[in-house]
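Read the structure below first, then the notes.
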Amino acid sequence: MGLSKSFQLVLFVIFGLLLFRIYDLEKKEMQRQGDIATQSYIKHLEPMSNWNDNGQQLYNELSKSFTFQFFQYIHNSDSDNNFTFGTLSKNDADFEDEIFHIELSHSNIFPEGRLQVRLSTKSVITTSFVNFEKAATLTFIAYLVIMLSFAILMHRHRQGIKYISEYISHISNLSFQAVETSKLKGSLKPVGLALEKSRGELKTSIASFHKQNDELTKAAYQDPITGFSTRRRFNDYLKTITASDKRQFGVLCIVKAAELSSINQLKGREAGDNYLIKIASCIRTAGSKFGTNEYYRVSSSDFALFIKEITVKEAEQFLIELKRNLDEYAQNVEADNIANSGLVPYDNNSDAHALLTLADTAVSIAQTTGPNKYHILEKFNGSEQLGDDHWKVTINDLINRKGVKFFQQPILPCNSQTDVYRELFARFFNSEGSNLPTASVVAMAERHGLNVELDKMIVVHSIQILSANPTLTGSFGVNLSASSALQDVFVSWLRDILSSHRTVAARLIFEVNESGMQNNLNASQRFVNEMHKVGVKVAIQQFGLGFSSFKFFREVKPDVIKLDTSYSDAIEQNNNNKFFVRMIVDISRRIGIKVVATGVERQDEKLALEKLLVDGLQGYYIARPEIIAKTDK
């Protein structure tokens, strides 16, 4: 409801109540005058004695002083003395009788008869009605005057608001005419002054807004780490190729920084960013020799570029140059593998989805062949699964060879009562001794149903290392895939082999991702219970990325939860992360679960997490991962 209607309603209520009050007062005054008239009648009747018990004669005497609406005298024995005048009800009641309803009745018993009268109310009602009519007229006139004045003021106010609205609507068209302050008087004058001030400021700052918009647009399409264009611009360009009617051809190259997750985990996020910057530099250096000036970062670890109007044979020189740059970078940082590349041809008839699938397959094949290797798929010949087949063969081979080596990273205790352990990171290598990307190995193992065999190999190798090297003391954390941990066959196998190695089992902590465990709470609970039976503890890692319910705590009951690294990142400045960690620590303490913070890379993060009373700290600032030795230092 608007201001105008609200004011009219309030005004109507106020004057309505005022009119009702006047009516109530006049009605009470009329009632008082009626009581006075009735008492006067009674006093006049009492001394009368010369009417000889005759109703007619009594009426004639009383009617000299009073006006009757109804008069009736009933004699007890002589009906000739009876007399009746008027009626009890008014058939032609006036308007004022309807407004002011009153009855002036009186009954009297005489020795010889009974008298009942109703005095006329006309004289009493007329005076009150006249007074009420005058007051109502004045009230109504006052109401009309106020309403008319308010309507005029509201009309002028609306004209001013209409002018303001039209002026503001024209600002979107960058129209900055001077404000006509003569149209904005009274309460709207400050608005006019503010508009005039804003007009000048907007006019001078519009150029600055355009500049900022250009910068934001550039940022939205540019990766802040590498300076490459983003996935959105890559998709736009890919659409222009596949949807074009003009003849276009060339090659698409995908470069996968396969070691990004390992570097982030082993050396920290800053090292991971530097790793991406170096790869981007290698790609840019190789691409510049082929006239390429547009590069894309299409995911966290994938880069892409298009080389126009070039054949596959000619484009292989780009791959050779890129591999030379990557090998040089690997030699400088003393690393085995930096990135792998896949190259496929395209033309304007290519299907975007099939092209990306083929490019991804080429990269997958390159990853299985060795460090910094590349692979070319020239034809769309239905071999899209070729890369997966290479991975299946490679994973089966490394399982049979036990092609795994371990790095270790300790956890720093935050109090003397906390038992800590060292986490083991599995790293895989092919038959030629070249490192394979860990994340790709795990993902491809799950895709081909080899994750259980891979996890079995990791467990067996871990037990062998700890059994054969008594100088390796303390507990060790071993990563298992959640898909394996939730399978009854694997859990039964794990229970049996650990039962045969009780001493080693007591030193193991199996780490499983939270997101996978929450897919099946019953299976997760069974896994934890079975491990506890053989003395093994269970840690839930990357905790906080999924929906961490209290039911998960109550039913699964892990021994340790390891917070995801995102909660440690600049936690001293993030109140939301502080609240989450404090809540998890409080809940975990109540039910006997230890909390470990991961990804600690700065002293400020370490101090903030210690104040939140976590049980342990893990990260690049605490200790760097190092390859596990036969003789423990």
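For clarity, every value in this text was computed on a predicted model and none was experimentally measured.
If you check the side chains of Glu453 and Asn396, you find no donor sitting under 3.5 Å from an acceptor. Donor-acceptor pairing under 3.5 Å is lacking for the side chains of Thr565 and Ser568. Under the 3.5 Å distance criterion, with hydrogens and angles disregarded, no donor-acceptor pair is assigned to the side chains of Ser566 and Asp569. Under the 3.5 Å distance criterion, with hydrogens and angles disregarded, a donor-acceptor pair is assigned to the side chains of Lys562 and Gln618.
Listed for the Arg589 side chain is a donor-acceptor partner under 3.5 Å among the backbone atoms of Leu613.
Ring planes of Phe306 and Phe234: parallel class, angle under 30° (limits at 30 and 60°).
The number of heavy-atom neighbours closer than 6.0 Å to CZ of Arg502, taken from other residues, nucleotides and ligands shown, is above 12. For Lys557, the NZ atom is loosely surrounded, since the number of other residues' heavy atoms within 6.0 Å does not exceed 12.
In this structure Ser281 satisfies the side-chain contact (heavy atoms from CB on, under 4.5 Å) test together with Thr285, sequence neighbours excluded. A search for side chain to side chain donor-acceptor pair (under 3.5 Å) contacts involving Thr598 returns nothing, not counting sequence neighbours. Taking Lys606 as the reference, Glu610 meet the side chain to side chain donor-acceptor pair (under 3.5 Å) condition, with sequence neighbours excluded.
A salt bridge is defined here as a Lys NZ or Arg NE, NH1 or NH2 lying under 4.0 Å from an Asp or Glu carboxylate O, and Asp559 with Lys537 fails to meet this definition.
Residues Leu494 and Val536 are not in side-chain contact: their nearest non-hydrogen atoms beyond the backbone lie 4.5 Å or more apart. Using a 4.5 Å heavy-atom threshold, the side chains of Leu563 and Val595 count as touching.
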(message) Quick one, Asn235 with Arg231, criterion side-chain hydrogen bond (donor to acceptor under 3.5 Å, both in side chains). Give me CA distance, side-chain angles, the key distance, then yes/no.
(response) CA-CA 6 Å; Asn235 290 337; Arg231 178 64 184 248; 3.1 Å; yes
